[in-house]
Chemist: 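Pasting a structure below so you can have a look.
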Amino acid sequence: WYETLTLQSQLRHRFPELADPDTYYGFRFCHQLDFSTSGALCVALNKAAAGSAYKCFKERLVTKAYLALVRGHVSQSRMTIRYAIGKNTTEGRTHMMCIDGTEGCENPKPCQSELIVLEHGSYSGDPVTKVLLQPLTGRTHQLRVHCSAVGHPIVGDFTYSLGQDSSPYRMMLHAYYLRIPARGELIEVCAPDPFVPAMDGNWEPQRVTRRLEDTIQELKDKVRGHEPLAAHLDKSWLDPTVWLVVPQCGSWLAGFQRVPEEGPLGGQFGKALEQ
């Protein structure tokens with residue numbers, strides 16, 4: 001079995017002129033999302049751009065923030081989760097990751113995630129919490145494993161509920177914010193929030209703890225305060241680096257938002273989607 005309706009096939013259909021037959025997947029994906037995760041995904045349109053993005057990921061200069069609905073009402077307004085994560089070698093679960101101390105957990109590595117509560121509410125009548133998640137390390141399935149480990153698994157996560165949470169139409173994890181201080185141009189995008197009642201009537205917010213806009217602005221200010229000034233202002237590097245950032249999954253071209261418009265490369269990033 002394999003999936004035929006893939007991100008690659010959608011990109012080829014929508015932007016056939018951007019496909020690169022010299023690459024394994026047909027496009028230069030700078031990173032990846034889990035199959036059932038929606039949100040912002042960056043694609044480099046040439047080798048130089050890919051190298052610039054890769055350097056940012058390698059040096060941990062990239063900032064990512066995810067939105068999620070998790071089971072139960074999270075009592076703390078903010079949590080730092082530090083469980084080490086390794087590969088699950090238990091028979092029947094080798095496609096999964098696990099926290100250190102779990103039977104069959106192989107090669108656990110230190111991991112850290114930040115969780116901020118945005119809203120409390122219900123999903124199909126069951127208590128849930130809308131949260132912003134920031135992975136500070138990059139282990140496979142990190143956010144899913146960490147949420148499960150603190151007793152608040154992501155709604156619709158079939159794998160880490162061991163097949164129990166199968167009623168929701170999708171896993172409620174969304175890559176909302178992506179910031180890559182690439183050499184030559186700062187990439188900073190938001191993929192619109194899908195966890196609103198207008199898009200899913202099963203989600204009923206009841207109490208707002210923090211506004212999403214304020215939380216993201218706080219994150220931006222924090223990142224900018226720690227980032228070297230030259231990280232994205234190197235105007236001597238004027239290769240025509242072009243980027244494509246797509247909201248993945250569902251109506252993946254709807255409501256695309258890009259910030260900001262200006263940049264050392266004249267705002268070339270994202271133009272493909274704005275046409």
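Side-chain atoms are counted along with the backbone in the values below, which use heavy atoms only and exclude waters and symmetry mates. Residue indices begin at 1 and follow the sequence shown.
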Chemist: Report the C-alpha distance between Leu67 and Leu132 in whole Å, list the side-chain angles of each, state the deciding distance to 0.1 Å, and finish with yes or no for side chain to side chain contact (heavy atoms under 4.5 Å, CB included).
Modeler: CA-CA 5 Å; Leu67 290 171; Leu132 187 78; 3.8 Å; yes
Chemist: Below 4.5 Å, heavy atoms only, C-beta onward: do Leu7 and Val43 meet side chain to side chain?
Modeler: no
Chemist: Provide the full list of salt bridge (charged side-chain N to carboxylate O under 4.0 Å, His left out) pairs with a residue in residues 22-33, sequence neighbours left out, each pair given once.
Modeler: Asp20-Arg28
Chemist: With a 3.5 Å cut-off and sequence neighbours excluded, list the donor-acceptor pairs that the side chains of residues 96-104 form with protein atoms.
Modeler:
residue, atom, partner, partner atom, Å
Thr102, OG1, Ile99, O, 2.8

Chemist: For Cys111, is there any backbone N or O sitting under 3.5 Å from a side-chain donor or acceptor partner on Arg139?
Modeler: no
Chemist: Are Phe27 and Leu5 connected into the same hydrophobic cluster when the rule is that any two of I, L, V, M, F, W, Y join if their side-chain heavy atoms are below 4.5 Å apart?
Modeler: no
Chemist: Any heavy-atom pair between the side chains of Thr37 and Tyr66 that's under 4.5 Å?
Modeler: yes
Chemist: Run the side chain to side chain contact (heavy atoms under 4.5 Å, CB included) check on Ile216 and Tyr176 step by step: do they pass?
Modeler: CA-CA 10 Å; Ile216 288 295; Tyr176 177 73; 3.6 Å; yes
Chemist: Which pairs with one or both residues in residues 183-224 pass ring pair (Phe, Tyr, Trp, His ring centres under 6.0 Å), sequence neighbours excluded?
Modeler: none
Chemist: Please indicate whether Gln206 has more than 12 foreign heavy atoms, meaning atoms of other residues, nucleotides or ligands, lying under 6.0 Å from its CD.
Modeler: yes
Chemist: From Ile154 CD1 over to Ser161 OG, what is the distance, rounded to the nearest 0.5 angstrom?
Modeler: 11.0 Å
Chemist: Around atom CZ of Arg93, are there more than 12 heavy atoms from other residues, nucleotides or ligands closer than 6.0 Å?
Modeler: no
Chemist: Are Tyr160 and Leu162 joined in one hydrophobic group, where the rule is that I, L, V, M, F, W and Y side chains link up if heavy atoms are under 4.5 Å apart?
Modeler: yes
Chemist: Within a radius of less than 6.0 Å around NE2 of His13, do more than 12 heavy atoms belonging to other residues, nucleotides or ligands occur?
Modeler: no
Chemist: Suppose we screen for side chain to side chain contact (heavy atoms under 4.5 Å, CB included). Which residues come up paired with Arg207, at least two apart in sequence or across chains?
Modeler: His120, Thr209
Chemist: Given 3.5 Å as the limit, does a donor-acceptor pair link the side chain of His174 with the main chain of Pro192, or not?
Modeler: yes
Chemist: How close do Val128 and Ser122 get, heavy atom to heavy atom, and via which atoms?
Modeler: CG2-C, 3.7 Å
Chemist: With a 4.5 Å limit on heavy-atom distance, are the side chains of His141 and Asp34 in contact?
Modeler: yes
Chemist: Would you please name every residue forming a salt bridge (charged side-chain N to carboxylate O under 4.0 Å, His left out) with Glu213, sequence neighbours left out?
Modeler: Arg211
Chemist: Just so I know, are the side chains of Ser36 and Arg170 near enough to count as touching, which here means a heavy-atom distance under 4.5 Å?
Modeler: no
Chemist: Check for a donor-acceptor pair, side chain of Asn46 on one end and backbone N or O of Ala49 on the other, with a separation under 3.5 Å.
Modeler: yes
Chemist: Using the rule given for side chain to side chain contact (heavy atoms under 4.5 Å, CB included), can you reason through Leu18 versus Leu45, listing the C-alpha separation, both sets of side-chain angles and the distance that settles it, and then say yes or no?
Modeler: CA-CA 7 Å; Leu18 302 181; Leu45 300 187; 4.2 Å; yes
Chemist: Counting N and O atoms only, with roles assigned by atom type, does the side chain of Gln32 sit under 3.5 Å from a partner on the main chain of Leu41, one being a donor and the other an acceptor?
Modeler: no
Chemist: Which atoms form the tightest heavy-atom contact between Phe57 and Cys30, and what is the distance?
Modeler: CE1-O, 3.7 Å
Chemist: Does the side chain of His73 pick up a donor-acceptor pair with the side chain of Thr129 at under 3.5 Å?
Modeler: no
Chemist: Using a 3.5 Å distance criterion without hydrogens, assess whether the side chain of His95 forms a donor-acceptor pair with backbone atoms of Thr159.
Modeler: no
Chemist: Show every salt bridge (charged side-chain N to carboxylate O under 4.0 Å, His left out) that has at least one partner inside residues 104-114, sequence neighbours left out.
Modeler: none
Chemist: Taking only residues at least two apart or on different chains, which pairs with a member in residues 61-82 satisfy salt bridge (charged side-chain N to carboxylate O under 4.0 Å, His left out)?
Modeler: Arg71-Asp126, Arg71-Asp165, Arg78-Glu218
Chemist: Can you name the residues that form a side chain to side chain contact (heavy atoms under 4.5 Å, CB included) with Gln8, not counting sequence neighbours?
Modeler: Thr6, Arg12, Tyr25, Phe29
Chemist: Set out, in order, the CA-CA distance, both residues' side-chain angles and the distance that settles side chain to side chain contact (heavy atoms under 4.5 Å, CB included) for Leu136 and Thr80, then state yes or no.
Modeler: CA-CA 10 Å; Leu136 300 183; Thr80 299; over 6 Å; no
Chemist: What heavy-atom pair brings Val155 and Val70 nearest, and what distance separates the two atoms?
Modeler: CG2-C, 4.0 Å
Chemist: Would you list the pairs meeting salt bridge (charged side-chain N to carboxylate O under 4.0 Å, His left out) in which at least one residue belongs to residues 40-50, sequence neighbours left out?
Modeler: none
Chemist: Within this structure, what is the OG1-CD distance for the pair Thr63 and Gln134, rounded to the nearest 0.5 Å?
Modeler: 6.5 Å
Chemist: Less than 4.5 Å apart, any side-chain heavy atom of Arg179 and any of Leu186?
Modeler: yes
Chemist: Looking only at non-hydrogen atoms, find the nearest pair between Leu33 and Ser38 and report the distance.
Modeler: CD1-O, 3.9 Å
Chemist: How close do Ala44 and Ala50 get, counting heavy atoms only, and between which atoms?
Modeler: CB-N, 3.4 Å
Chemist: Under 4.5 Å between side-chain heavy atoms, counting indirect links through other Ile/Leu/Val/Met/Phe/Trp/Tyr residues: same cluster for Leu178 and Tyr54 or not?
Modeler: no
Chemist: Quick one: list whatever passes side chain to side chain contact (heavy atoms under 4.5 Å, CB included) with Tyr169, sequence neighbours left out.
Modeler: Tyr123, Met172, Asp200
Chemist: What do you reckon, is CD of Glu59 surrounded by more than 12 foreign heavy atoms closer than 6.0 Å?
Modeler: yes
Chemist: Show every side-chain hydrogen bond (donor to acceptor under 3.5 Å, both in side chains) that has at least one partner inside residues 147-157, sequence neighbours left out.
Modeler: Arg144-Asp157
Chemist: Hey, does the side chain of Ser52 reach the backbone of Arg183 with a donor-acceptor pair shorter than 3.5 angstrom?
Modeler: yes
Chemist: Restricting to side chain to side chain contact (heavy atoms under 4.5 Å, CB included), what partner residues turn up for Ser77, sequence neighbours left out?
Modeler: none
Chemist: Has the side chain of His146 got a donor or acceptor atom that lies under 3.5 Å from a matching backbone atom of Tyr83?
Modeler: yes
Chemist: Of all heavy-atom pairs between Cys147 and Leu133, which one has the smallest distance, and what is that distance?
Modeler: SG-CD1, 3.8 Å
